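Only a predicted model underlies this, so the values are computations on that prediction, with no experimental measurement involved. The basis for the numbers below is simple: all heavy atoms, side chains too, and nothing from hydrogens, waters or symmetry mates.
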Amino acid sequence: MELQQEQTPSVSIEDCLKLLKGEKDEQRLAGLFLVTKICKVDDIASLTRVYNAVGAKFLDRLLRTGMGKGTVSGPGEENRDAYLQLSVRILVAFCHVPDIAASEEMISKIPLILEILSNQSGSSVLEECLEFLYLVSTTSDAGVTVLYKSGSLKIIASWMSKLADGSHPMKISMQLVQLIISKISLDIIMIDCLPELTDIVVDIARQFGVSHDAVKFEALHLLSAILSSNLTPLYDALRQVPSDAWSKHMRNGVSAILHNRTAPAEKLQALSLAESMVSIRGEGWLIGEIELPDVQDAIPSDRCLILVLEQSRVEIAVMLNELAYAKYEASKNSSLKEDIIVKQRNVATAFSLVEKIIKLVSNVGEDQGDLIDENTLMKVFRGLNETTGVVLEYLQDAKEHGQRKGDDILASVRVIGSFLAQTPDAWTEKVKELLDYMLSVEGEDEQSPFNSVCFLLPMLCQITMNVEGCKTLVSSRGLAAVVKCLINLIHKHGGWVDNDGSIFLACDTILNVLLKKELAGVLCGESSFVHLLEAIANSTEDAHEPSVIMMAASICALVFDYTSENALLSNPNFADKSLDKLCRLFSRIFALSQQQSMNDDEVAQMDLYEIIAAGYSRWGDRFPRVQKAIGIAPL
């Protein structure tokens with residue numbers, strides 16, 4: 001802020017100092033007025049002399065008089081606004097001196113300045129008040145603490161919705177928010193000021209969408225800092241915002257950053273914002289109208305989708321290549337470990353977006369109608385397929401270097417599982433080569449493979465629809481891994497609670513393999529089946545859903561093809577009481593089939609009952625206790 005308004009050559013700083021040291025308030029007011037004429041904010045020495053001459057007490061009285069809380073000798077009530085403007089303007093000038101800005105006197109005025117902003121009178125000194133708050137807070141952590149505790153976010157939020165786009169007060173308001181979140185934990189802010197933080201995000205989103213200068217990038221950095229924390233209460237609050245305008249502004253901003261030649265770090269932040277928006281608004285956010293400053297023609301509604309996918313693909317290709325090299329070098333240079341963590345975090349963002357896009361296009365017929373045309377759809381699938389090849393090469397390299405543990409490797413497996421669930425015939429040879437490795441991958445905090453198997457279940461369920469896929473799974477020791485995964489899922493959830501579908505995906509995969517008679521020779525010696533029978537016996541006693549008991553009994557019926565009652569009871573890993581439980585399970589199934597009427601859920605499971613009945617006809621004579629429980633002789 002420039003203090004000097006006009007040239008006053010006949011007045012010197014010494015003249016001002018004489019007036020400021022006078023005994024009467026009128027003299028000091030005249031001196032301060034002259035200061036505004038002859039001092040510049042970068043004249044630190046003169047400002048310091050003036051501050052020392054006028055004294056903190058008079059400045060405090062002048063400010064309070066302008067607020068209607070005190071008195072300064074001179075003209076009365078009618079000049080209160082002039083006192084307010086003079087006092088705030090002078091305070092801002094003094095705060096360009098860092099030592100003064102960081103002083104206790106200035107920090108103590110933060111609540112008063114916020115009080116001014118909270119009143120109607122604040123509009124006349126809005127910019128100066130905001131600048132004062134910023135100058136004081138940037139020089140002292142104590143200033144930021146007082147700023148936050150004095151309710152600044154509530155006041156800033158109330159002003160931001162009224163400020164002109166790209167205006168100087170808007171810029172300072174954003175800088176103040178940035179300063180606060182850099183010093184105060186977002187978790188604390190969420191507890192204290194969730195409604196205000198929500199409003200601030202909405203207002204900054206507008207700046208991100210409509211600005212075409214430095215303000216856009218300031219908004220990008222600020223939104224990224226707030227939303228990348230993935231704070232559930234904030235996300236929930238943003239979902240409740242009645243207007244969708246902020247969401248469109250976010251799409252415009254992200255698209256503009258990705259469309260133009262911006263720095264790699266800023267493109268990464270734009271991807272991070274895209275991931276946050278998809279988490280808040282769903283995958284459909286990627287599709288919608290956008291406006292770009294340098295494009296006059298109508299822009300297809302899928303442009304944001306294409307921009308996000310292409311940039312995600314670029315990041316994955318670059319980051320995986322750099323990660324592979326950094327991991328190799330890290331064995332010789334421990335200082336690279338922090339760099340590896342950053343790259344892993346960045347590639348995780350791109351992976352997440354790719355997975356969301358896979359989900360979007362897989363549901364395109366159901367949810368998105370004609371919003372994505374056929375050519376775009378083909379382009380998306382080609383891009384996803386190429387990226388899958390890049391990820392498979394990364395996994396191949398990790399396998400060759402003996403790396404089986406790491407969140408980046410686990411995330412790579414997850415992407416492979418997501419895409420190949422939609423295109424199970426793609427990359428068949430590479431999948432056959434890497435499946436045993438992918439099933440053995442562990443996350444950084446895992447003690448044994450579990451999540452990797454869960455992530456691959458959608459793909460495994462698809463490839464085991466045919467015999468070759470089943471052979472690939474069995475030859476890779478994948479069937480035992482899926483069985484173990486199912487057992488762990490049942491134990492983890494304390495039963496057949498299946499919130500994400502993993503339990504039934506595992507069951508379907510096992511069922512697909514067991515139904516292939518061509519594999520009978522290799523399934524006979526599968527020891528993991530005994531543990532699975534135990535888990536089913538102990539988890540279905542209290543189950544009542546037809547889908548659960550029918551699926552469980554179907555798997556048991558097919559496993560019984562490869563054993564007998566005597567063989568089971570002689571196995572030390574199978575308890576006698578478990579056979580009793582399985583007998584009761586089969587008894588319930590056959591009793592259900594004899595009912596005169598069935599509800600829709602029960603009717604929907606009758607194809608599984610046919611598997612059970614057919615199995616019983618094959619092995620019933622080998623399981624006399626099951627036969628006795630059912631009360632029906634096998635056909």
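- S418 contributes a side-chain N or O that, together with a main-chain N or O of R414, makes up a donor-acceptor pair within less than 3.5 Å.
- Heavy atoms only, all atoms of each residue included: L126 and P169 are closest at CD2-CB, 4.3 Å.
- Put simply, the side chain of S243 gets close to the backbone of A245: a donor and an acceptor are under 3.5 Å apart.
- Salt bridge D244/R281: present, at least one basic N to carboxylate O contact under 4.0 Å.
- Residues W246 and L238 meet the side-chain proximity criterion, which asks for heavy atoms closer than 4.5 Å.
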*Let me see the working for Q269 and H221 under side-chain hydrogen bond (donor to acceptor under 3.5 Å, both in side chains), right down to the final yes or no.*
CA-CA 7 Å; Q269 285 189 324; H221 304 325; 2.6 Å; yes
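- Contact detail for L186 and A225: the closest heavy-atom pair is CD1-O, 3.7 Å.
- Considering only heavy atoms from C-beta on, N52 stays 4.5 Å or farther from R49 through its side chain.
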*Go through the steps for Y148 and I188 under the test side chain to side chain contact (heavy atoms under 4.5 Å, CB included), then give the verdict.*
CA-CA 11 Å; Y148 177 72; I188 293 174; 4.0 Å; yes
*Take S152 and I180 through the test side chain to side chain contact (heavy atoms under 4.5 Å, CB included) and record every step on the way to the result.*
CA-CA 9 Å; S152 57; I180 290 170; 3.4 Å; yes
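- Nearest approach of L194 to L234, heavy atoms of both residues: CD1-CA, 3.8 Å.
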*When you look at M170 and M160, which way does the side chain to side chain contact (heavy atoms under 4.5 Å, CB included) test go after all the steps?*
CA-CA 6 Å; M170 176 62 80; M160 286 184 79; 3.7 Å; yes
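- Taking CG of L220 as the start and CE of M250 as the end, the distance is 9.0 Å to the nearest 0.5 Å.
- With a 4.5 Å cut-off on side-chain heavy atoms, L384 and L309 count as touching.
- For residues 161-174, the pairs satisfying side chain to side chain donor-acceptor pair (under 3.5 Å) are D165-R206, D165-Q207, with sequence neighbours left out.
- In terms of modelled atom types and a separation under 3.5 Å, the side chain of T387 and the main chain of R313 share no donor-acceptor contact.
- Under the 4.5 Å side-chain criterion, counting only non-hydrogen atoms from C-beta, I340 is not in contact with K343.
- Under the 3.5 Å distance criterion, the side-chain polar atoms of S140 are left unmatched by any main-chain donor or acceptor of S137.
- A donor-acceptor contact shorter than 3.5 Å is absent between the side chain of T262 and the backbone of L258.
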*Are T145 and K149 close enough, and set up right, to give a side chain to side chain contact (heavy atoms under 4.5 Å, CB included), and what steps lead you there?*
CA-CA 6 Å; T145 301; K149 290 185 176 180; 3.8 Å; yes
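- Expressed to the nearest 0.5 Å, how far CG of L273 lies from CG of L223 amounts to 5.5 Å.
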*Just do the salt bridge (charged side-chain N to carboxylate O under 4.0 Å, His left out) check on D60 and K57 with the steps written out, would you?*
CA-CA 5 Å; D60 188 66; K57 289 184 178 180; over 6 Å; no
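- In summary, K359 and E283 engage in a salt bridge, as defined by a charged side-chain N under 4.0 Å from a carboxylate O.
- Side-chain contact, Q344 with D407: no donor N or O sits under 3.5 Å from an acceptor N or O.
- Taking the side chain to side chain donor-acceptor pair (under 3.5 Å) definition, one finds that E289 meets it with nothing, sequence neighbours left out.
- Of all the heavy atoms in L271 and S312, the pair that sits closest is CD2-OG, 3.8 Å.
- The structure places CH2 of W159 at 10.5 Å from CD1 of I155, a figure rounded to the nearest 0.5 Å.
- Remark: the D81 side chain and the Q85 side chain contain an N/O donor-acceptor pair separated by less than 3.5 Å.
- Between F351 and D408 there is no side-chain heavy-atom pair separated by less than 4.5 Å.
- With contacts defined as side-chain heavy-atom distances shorter than 4.5 Å, the pair I156/L133 does not qualify.
- A distance of 13.0 Å separates SG in C129 from CZ in R89, rounded to the nearest 0.5 Å.
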*Tell me, with the steps shown, if N321 and Y394 meet side-chain hydrogen bond (donor to acceptor under 3.5 Å, both in side chains).*
CA-CA 8 Å; N321 184 56; Y394 180 70; over 6 Å; no
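- Environment of CD in Q447: sparse, with no more than 12 heavy atoms of neighbouring residues, nucleotides or ligands closer than 6.0 Å.
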*Worked check of side-chain hydrogen bond (donor to acceptor under 3.5 Å, both in side chains) between E315 and N346*: CA-CA 8 Å; E315 297 299 338; N346 291 338; over 6 Å; no
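- Distance alone, capped at 3.5 Å, places no donor-acceptor pair between the R404 side chain and the E442 backbone.
- The shortest non-hydrogen separation linking L32 to I90 is O-CD1, 3.9 Å.
- Within the model, atoms CD1 of I226 and OG1 of T198 stand 10.0 Å from one another, a figure rounded to the nearest 0.5 Å.
- No donor-acceptor pair closer than 3.5 Å links the side chain of D302 to the backbone N or O of L305.
- Using a 4.5 Å heavy-atom cutoff, the side chains of I287 and L360 are in contact.
- Counting only distance, with no hydrogens or angles, the side chain of N260 and the backbone of A256 share a donor-acceptor pair below 3.5 Å.
- Interatomic distance, F132 CZ to L117 CG, rounded to the nearest 0.5 Å: 11.0 Å.
- Judged by distance alone, with hydrogens and angles left aside, the side-chain atoms of S211 form no donor-acceptor pair with the main-chain N or O of F208 at under 3.5 Å.
- Side-chain N or O atoms of S352 include none that pairs as donor or acceptor with a backbone N or O of A348 at under 3.5 Å.
- The two residues S255 and L307 make their nearest non-hydrogen contact at O-CD1, 3.6 Å.
- Contact check for F58 versus L63: no side-chain heavy atoms found under the 4.5 Å cut-off.
- For F94, the ring pair (Phe, Tyr, Trp, His ring centres under 6.0 Å) partners at least two apart in sequence or on another chain are Y51.
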